[in-house]
Amino acid sequence: MECKNIFENYPDVVGVDDLTHMLNIGKNKAYELVNENKIQSIKIGRKHIIPKFRVVEFLHNVK
């Protein structure tokens, strides 16, 4: 499955707010995904920094 341009309108690094829009989920679910390391992120202070390719990787691995 080729999804090279799936999130082309988003920057290469996104936050939780962007993640909620990208996956059409709520903030609680977005925080659950990053806190349980289902979507890998970097936590700086209270913010999660999520590389866009990790979101695409997550979608490829969802079963």
Side-chain angles (χ1 to χ4, degrees):
M1 176 169 102
E2 182 65 36
C3 57
K4 185 168 122 183
N5 298 324
I6 187 169
F7 296 125
E8 66 184 13
N9 294 331
Y10 289 92
D12 290 338
V13 177
V14 299
V16 172
D17 286 338
D18 289 326
L19 183 63
T20 62
H21 294 295
M22 293 167 85
L23 299 181
N24 196 28
I25 58 175
K27 271 192 175 185
N28 289 339
K29 187 63 176 179
Y31 277 110
E32 179 183 316
L33 291 173
V34 295
N35 287 331
E36 293 178 358
N37 211 28
K38 292 181 180 176
I39 297 178
Q40 292 182 355
S41 67
I42 300 165
K43 191 169 183 185
I44 300 175
R46 296 180 63 170
K47 287 188 159 212
H48 289 273
I49 308 301
I50 308 158
K52 183 169 59 176
F53 79 90
R54 294 295 186 189
V55 180
V56 174
E57 180 181 75
F58 168 76
L59 290 174
H60 281 293
N61 294 324
V62 173
K63 296 192 186 279

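In this text, all values refer to a predicted model and were calculated from it rather than measured experimentally.
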query = In the hydrophobic cluster built from side-chain contacts under 4.5 Å, what are the other members alongside F53?
reply = none

Spacing of [X] atom [atom1] and [Y] atom [atom2] [to the nearest 0.5 Å]:
| X | Y | atom1 | atom2 | answer |
| --- | --- | --- | --- | --- |
| R54 | L59 | CZ | CG | 13.5 Å |
| K27 | D17 | NZ | CG | 4.0 Å |
| Y31 | I25 | OH | CD1 | 11.5 Å |
| S41 | N35 | OG | CG | 7.5 Å |
| I44 | I49 | CD1 | CD1 | 5.0 Å |
| L19 | I39 | CG | CD1 | 4.5 Å |

message = I'd like to know whether F58 forms a side-chain contact (heavy atoms from CB on, under 4.5 Å) with Q40, so could you lay out the CA-CA distance, the side-chain angles of the two residues, the decisive distance to 0.1 Å, and finally the verdict.
response = CA-CA 9 Å; F58 168 76; Q40 292 182 355; over 6 Å; no

ask   = Hey, is D18 close enough to K52 for a salt bridge, meaning N to O under 4.0 Å?
value = no

inquiry  = Could you tell me if the side chain of V55 sits less than 4.5 Å from the side chain of I6, heavy atoms only?
reply    = no

query = So do V13 and I50 actually touch side chain to side chain, heavy atoms under 4.5 Å?
reply = no

message = Any side-chain to backbone donor/acceptor pair from N24 onto T20? Under 3.5 Å, distance only.
response = no

request  = Determine, stepwise, if the pair H48 / I42 fulfils side-chain contact (heavy atoms from CB on, under 4.5 Å).
outcome  = CA-CA 6 Å; H48 289 273; I42 300 165; over 6 Å; no

message = Using a 6.0 Å cut-off, check whether atom CG of N61 has over 12 heavy atoms from anything other than its own residue.
response = yes

query = If every non-hydrogen atom of A30 is compared with every non-hydrogen atom of V16, which pair is closest and at what distance?
reply = CB-CG1, 3.8 Å

